[in-house]
Amino acid sequence: QVQLVESGGGLVQAGGSLRLSCAASGRTTGSNVMGWFRQAPGKEREFVAATTWGGGNADFADSVKGRFTISRYNAKNTVYLQMNSLKPEDTAVYYCAAGPNIYSDPGRYNYWGQGTQVTVSS
């Protein structure tokens with residue numbers, strides 16, 4: 001069992017930055033990948049970014065490439081999503097997830113956090 005806790009969401013103006021954190025605890029073995037997803041009202045949950053704990057691989061949605069970065073601090077079992085040049089369309093609840101490999105399909109991830117709200121005002 002893996003527990004995931006997100007933090008760092010909030011309200012920011014367009015063009016601003018936020019950093020989300022996801023702290024993992026429990027039996028993280030087998031959960032080689034940490035991903036970030038987001039869900040806006042009335043929309044499906046969509047892939048944002050993912051990285052392996054080893055740091056050798058990462059992937060990003062086209063909509064965030066060049067603006068978002070993902071990093072991890074293995075000693076604290078924490079993954080970060082640095083979001084720069086935020087746009088109103090980035091407004092959503094952001095979730096972190098743990099899974100065996102990098103997938104864009106949220107159904108392929110086994111564990112989820114509770115989500116943190118990000119609101120970008122124009």
Side-chain angles (χ1 to χ4, degrees):
Q1 189 76 12
V2 176
Q3 293 81 42
L4 304 174
V5 179
E6 303 99 334
S7 60
L11 173 64
V12 65
Q13 289 188 334
S17 298
L18 280 175
R19 189 178 79 159
L20 305 183
S21 301
C22 176
S25 61
R27 293 179 59 86
T28 58
T29 55
S31 295
N32 302 316
V33 166
M34 294 296 292
W36 286 96
F37 290 77
R38 65 187 182 187
Q39 189 166 19
K43 294 188 176 181
E44 294 185 351
R45 192 167 297 189
E46 65 173 0
F47 173 77
V48 175
T51 185
T52 56
W53 280 112
N57 291 298
D59 195 16
F60 296 87
D62 288 343
S63 59
V64 306
K65 282 181 181 176
R67 299 188 297 123
F68 291 11
T69 58
I70 190 169
S71 60
R72 76 268 179 266
Y73 186 9
N74 292 35
K76 290 190 174 182
N77 282 348
T78 300
V79 174
Y80 304 97
L81 183 69
Q82 178 67 43
M83 306 185 294
N84 299 326
S85 301
L86 283 161
K87 304 175 182 180
E89 50 263 45
D90 294 317
T91 295
V93 177
Y94 283 70
Y95 299 88
C96 69
N101 214 332
I102 293 180
Y103 301 112
S104 60
D105 178 359
R108 304 293 293 269
Y109 289 76
N110 302 318
Y111 302 100
W112 291 86
Q114 81 287 353
T116 185
Q117 177 70 46
V118 171
T119 303
V120 184
S121 63
S122 57

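Residues take their numbers from the sequence shown, with the count starting at 1.
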Results of salt bridge (Lys or Arg N to Asp or Glu O under 4.0 Å) for [X] - residues two or more places apart only:
X: Asp105; value: none
X: Glu89; value: none
X: Lys65; value: Asp62
X: Asp59; value: none

Same hydrophobic cluster for [X] and [Y], using side-chain heavy-atom links shorter than 4.5 Å among ILVMFWY?
X: Trp36; Y: Met34; result: yes
X: Ile70; Y: Tyr95; result: no
X: Val118; Y: Phe68; result: yes
X: Phe47; Y: Leu86; result: no

Practice item. Can you measure from CD (Glu6) to CD (Gln114) and round to the nearest 0.5 angstrom? Key: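 That separation rounds to 4.5 Å.
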If you take all heavy atoms of [X] and [Y], which pair is closest and at what distance?
X: Phe60; Y: Thr69; result: CE2-CA, 3.8 Å
X: Val2; Y: Ser31; result: CG2-OG, 3.9 Å
X: Asn32; Y: Pro100; result: ND2-O, 3.5 Å
X: Ala49; Y: Leu81; result: CB-CD1, 4.1 Å
X: Val64; Y: Val48; result: CG2-O, 3.6 Å
X: Thr91; Y: Ala40; result: O-CB, 3.7 Å

Apply side chain to side chain donor-acceptor pair (under 3.5 Å) to [X] and list each qualifying residue two or more places apart in sequence or on a separate chain.
X: Ser7; answer: none
X: Tyr94; answer: Arg38
X: Arg45; answer: Gln39

**Study point:** Qualifying ring-ring contact (aromatic ring centres under 6.0 Å, His included) pairs, either residue in residues 103-122, two or more places apart
**Key:**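 Those involving residues 103-122 are Phe37-Tyr109, Phe37-Trp112.
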Exercise for review: Evaluate side chain to side chain contact (heavy atoms under 4.5 Å, CB included) for Asp90 paired with Met83, printing each intermediate quantity in order.
Suggested key: CA-CA 9 Å; Asp90 294 317; Met83 306 185 294; over 6 Å; no
Please list every donor-acceptor pair under 3.5 Å in which a side-chain atom of residues 8-22 meets a protein atom from a residue at least two apart or in another chain.
unit_1 : atom_1 : unit_2 : atom_2 : d
Ser17  : OG     : Asn84  : OD1    : 2.9

Review point. Can you pull the disulfide bond (SG atoms under 2.5 Å apart) pairs that have at least one residue in residues 46-79, sequence neighbours excluded?
Key: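 Found none.
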Exercise for review: Name all residues meeting the side-chain contact (heavy atoms from CB on, under 4.5 Å) criterion together with Asn57; count only those two or more places apart in sequence or in a different chain, and write none if there are none.
Suggested key: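 Partners of Asn57 under the side-chain contact (heavy atoms from CB on, under 4.5 Å) test: Thr52, Ile102.
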Point to revise | Apart from Tyr73 itself, residues in the same hydrophobic cluster as defined by side-chain heavy atoms under 4.5 Å | key: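 Result for Tyr73 is Tyr80.
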